[in-house]
Amino acid sequence: PYRILLDTNFLNFSIQNKLDIFKASMDCLLAKCIPCITDCVISELEKLGHKYRLALKLSKDPRFRRLKCDHYGTYADDCLVNRVKQDRVYIV
């Protein structure tokens, strides 16, 4: 199965275009997909406030694999880049 790292913009874009992330990713890649969200992405959604509350609610879906972050700071882009450099098993 493919592991897909999701960021704040991806979640927001899927909501704006009314896409089911699970179904759309499986249709696109024609394979089983495991959407993954890091702690930094969730904390970034919390910081963005009321406008992104639906994306925050979606990110807490139990079907997403939650990835723990062990670094200092909550900048999501740096977190995703470092995670991909560390383990090259993700689609971003």
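These numbers come from the heavy atoms of this one structure, side chains and all, not from hydrogens, waters or symmetry mates. Quick caveat: nothing in here was measured; it's all calculated off a predicted structure.
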Side chains of [X] and [Y] in contact at under 4.5 Å (non-hydrogen atoms):
X: S59; Y: L11; value: yes
X: I21; Y: L6; value: yes
X: L67; Y: I37; value: no

Do [X] and [Y] share a hydrophobic cluster, counting only Ile, Leu, Val, Met, Phe, Trp and Tyr and linking them when any side-chain heavy atoms are less than 4.5 Å apart?
X: L56; Y: L54; value: yes
X: F13; Y: L45; value: no
X: F10; Y: I15; value: yes
X: L58; Y: Y52; value: yes
X: I42; Y: V81; value: no

How many angstroms lie between [atom1] in [X] and [atom2] in [Y], if you round to the nearest 0.5 Å?
X: D78; Y: C40; atom1: CG; atom2: SG; answer: 9.0 Å
X: L5; Y: R65; atom1: CG; atom2: CZ; answer: 11.0 Å
X: C36; Y: R66; atom1: SG; atom2: CZ; answer: 12.0 Å

- Task: Kindly state each residue pair satisfying side-chain hydrogen bond (donor to acceptor under 3.5 Å, both in side chains) with at least one member in residues 21-37, sequence neighbours excluded.
- Result: K23-D27
- Residues pairing under side-chain hydrogen bond (donor to acceptor under 3.5 Å, both in side chains) where one sits in residues 5-17, two or more places apart or in two chains, turn out to be T8-E44
- Item | Over 12 foreign heavy atoms within 6.0 Å of OH, Y2 | no
- Query: For D61, what residues pass the side-chain hydrogen bond (donor to acceptor under 3.5 Å, both in side chains) criterion, not counting sequence neighbours?
  - Reply: R63
